[in-house]
There are 2 protein chains.
Amino acid sequence: MDEACPLKVCGDKKYYCSMELTLQVIGGKWKPIIIHRLGTEGVLRFSEVRRSIPNITQKMLTQQLRELEADGMVRREVYAQVPPKVEYSLTELGESIMPVIGSLCRWGESYAQWHARRLPDQAEAV
Amino acid sequence: MDEACPLKVCGDKKYYCSMELTLQVIGGKWKPIIIHRLGTEGVLRFSEVRRSIPNITQKMLTQQLRELEADGMVRREVYAQVPPKVEYSLTELGESIMPVIGSLCRWGESYAQWHARRLPDQAEAV
DNA sequence: CGGCATCCGTTATGATACTG
DNA sequence: CAGTATCATAACGGATGCCG
């Protein structure tokens, strides 16, 4: 793939591995989860995304959604009405990463099981 | 998978989505890259890993490797000799995430191409 | 409803120097 | 060679208040 990792340029940043680029787009604490929600549920209003992700603050959700939008991953549709209505959904590009998101999810489940076997005393509810 | 995301417990932390657990283990700026290197190259000495990842500092590499080791992803073998020799490699658990790592890498490449088509003026070297 | 602006503390990351 | 220790900065994340 890129064992020697030749220098790559995208925008004004340099990458020695294409994964750095991936992490640039979907890295962080919330983005994979947001993408997972939108990819699973389809079109969601802001408040629906918010409810579907416990613990996320309004600020972080807004911020992450905007970054995902800027990177072409998320579509944002504003309805000119009162009260406001904004709907979010994945773009085609966003959809294209869903298989990987699903893999991350499944690996987490198998890791939880591995962890439970390793430390059986903490296995409840996992 | 887990659309309603029932609460999960692993160790002493709570997760609403198994992906949070995945990100706990392989999240951060360097871990996916480190895993990718070890998975691609096999057994590497500390200095070899370091050379294969430009820009990473010694401190970050040490820290991330230790965390990966604590999570069972990486095997650390110390040779009692002077000068010291420490070899790192993926455990079976670490190997199990390599397919996902590969997917992340390939998605980054396709994203770069998509980006190049979207902004042809920055397409050089991508 | 769906934001934005501000302040603030916590983590994460990094540069540098030193050590067994 | 493979780290530690120290110091500094930047990014992340959260609480609160205001707005169209």
Side-chain angles (χ1 to χ4, degrees), chain A residues 12-17 19-35 37-38 41 43-71 74-89, chain B residues 12-17 19-20 23-35 37-38 41 43-71 74-89:
Chain A
D12 57 348
K13 296 194 175 174
K14 299 166 196 161
Y15 302 92
Y16 293 87
C17 172
M19 193 159 31
E20 291 184 59
L21 187 51
T22 303
L23 297 177
Q24 192 82 19
V25 178
I26 64 152
K29 185 176 176 179
W30 300 112
K31 283 177 183 174
I33 298 175
I34 294 172
I35 293 171
R37 287 290 166 278
L38 290 176
E41 318 252 339
V43 182
L44 291 179
R45 297 185 59 166
F46 183 87
S47 54
E48 291 174 327
V49 183
R50 184 146 152 65
R51 268 195 301 276
S52 80
I53 306 179
N55 299 332
I56 197 173
T57 61
Q58 200 172 36
K59 174 189 175 180
M60 291 313 296
L61 182 54
T62 300
Q63 182 181 307
Q64 303 299 304
L65 280 170
R66 291 301 163 84
E67 289 179 16
L68 287 170
E69 188 192 5
D71 286 330
V74 161
R75 186 181 300 115
R76 179 172 181 261
E77 191 150 6
V78 183
Y79 294 82
Q81 63 180 50
V82 178
K85 175 179 170 183
V86 182
E87 285 182 344
Y88 293 91
S89 57
Chain B
D12 56 350
K13 297 195 175 173
K14 299 166 197 163
Y15 301 93
Y16 293 88
C17 172
M19 194 162 28
E20 292 184 58
L23 296 177
Q24 193 80 20
V25 178
I26 64 152
K29 186 175 176 177
W30 300 112
K31 283 178 184 173
I33 298 174
I34 295 172
I35 293 171
R37 286 291 166 279
L38 291 176
E41 317 254 338
V43 182
L44 291 178
R45 297 184 59 164
F46 182 87
S47 55
E48 292 173 327
V49 183
R50 184 146 152 64
R51 268 195 301 276
S52 79
I53 306 180
N55 299 335
I56 196 172
T57 60
Q58 201 171 34
K59 173 188 175 181
M60 288 312 297
L61 182 55
T62 301
Q63 181 182 307
Q64 304 298 304
L65 279 170
R66 292 300 163 83
E67 289 179 16
L68 287 171
E69 187 192 5
D71 286 329
V74 161
R75 185 181 301 112
R76 179 170 181 263
E77 190 150 7
V78 183
Y79 294 83
Q81 63 180 49
V82 177
K85 175 179 172 184
V86 181
E87 285 182 343
Y88 292 92
S89 56

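These numbers come from a predicted model, not from an experiment. These values consider heavy atoms only, across backbone and side chains, with no hydrogens, waters or symmetry-generated copies. Just so we're on the same page: letters track the sequence lines, and every chain starts at 1.
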Without decimals, in angstroms, what is the distance between [X] [atom1] and [N] [atom2]?
| X | N | atom1 | atom2 | value |
| --- | --- | --- | --- | --- |
| B/Gln64 | D/dG3 | CD | P | 14 Å |
| A/Glu20 | C/dT13 | CD | P | 13 Å |
| A/Met60 | C/dT10 | CE | P | 17 Å |
| B/Arg50 | D/dC1 | CZ | C1' | 11 Å |
| B/Leu44 | D/dA2 | CG | P | 11 Å |
| B/Glu69 | D/dG3 | CD | P | 9 Å |
| B/Arg51 | D/dC1 | CZ | C1' | 11 Å |
| B/Gln24 | D/dC12 | CD | P | 17 Å |

Would you find a donor on one side and an acceptor on the other, under 3.5 Å apart, between the side chain of B/Arg37 and the backbone of B/Ile53?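 No.
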
Taking the side chain of B/Pro83 as heavy atoms from C-beta outward, which of C/dA15, D/dC1, D/dA15 is closest to it?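 That would be D/dC1.
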
Who pairs with B/Arg76 by side chain to side chain donor-acceptor pair (under 3.5 Å), at least two apart in sequence or on another chain?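 With neighbours one apart ignored, the set is B/Tyr88.
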
Quick one: list whatever passes side chain to side chain donor-acceptor pair (under 3.5 Å) with A/Arg45, sequence neighbours left out.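 In terms of side chain to side chain donor-acceptor pair (under 3.5 Å), with neighbours along the sequence ignored, A/Arg45 is linked to no residue.
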
If we only count heavy atoms from C-beta on, is the A/Arg66 to A/Gln63 side-chain gap below 4.5 Å?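 No, every pair of side-chain atoms sits at 4.5 Å or beyond.
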
From A/Ile26 atom CD1 to A/Asp71 atom CG, the distance as rounded to the nearest 0.5 Å: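 The CD1 atom of A/Ile26 sits 11.0 Å away from the CG atom of A/Asp71.
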
For nucleotides 2-9 of chain C, which of its nitrogen or oxygen atoms have a protein nitrogen or oxygen under 3.5 Å away, and what is each distance?
| from | atom 1 | to | atom 2 | distance (Å) |
| --- | --- | --- | --- | --- |
| C/dG2 | OP1 | A/Arg45 | NE | 3.0 |
| C/dG2 | OP1 | A/Arg45 | NH2 | 3.2 |
| C/dG2 | OP2 | A/Ser47 | N | 3.0 |
| C/dG2 | OP2 | A/Ser47 | OG | 2.9 |
| C/dG3 | OP1 | A/Arg66 | NH2 | 2.6 |
| C/dG3 | OP1 | A/Arg76 | NH2 | 2.5 |
| C/dG3 | OP2 | A/Tyr88 | OH | 2.5 |
| C/dG3 | N7 | A/Gln58 | OE1 | 3.2 |
| C/dG3 | N7 | A/Gln58 | NE2 | 3.2 |
| C/dC4 | OP1 | A/Arg66 | NH1 | 2.4 |
| C/dC4 | OP1 | A/Arg66 | NH2 | 3.4 |

For B/Ile34 versus B/Gln64, what's the shortest heavy-atom pair and its separation?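 What the structure gives for the nearest pair is CD1-CB, 3.6 Å.
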
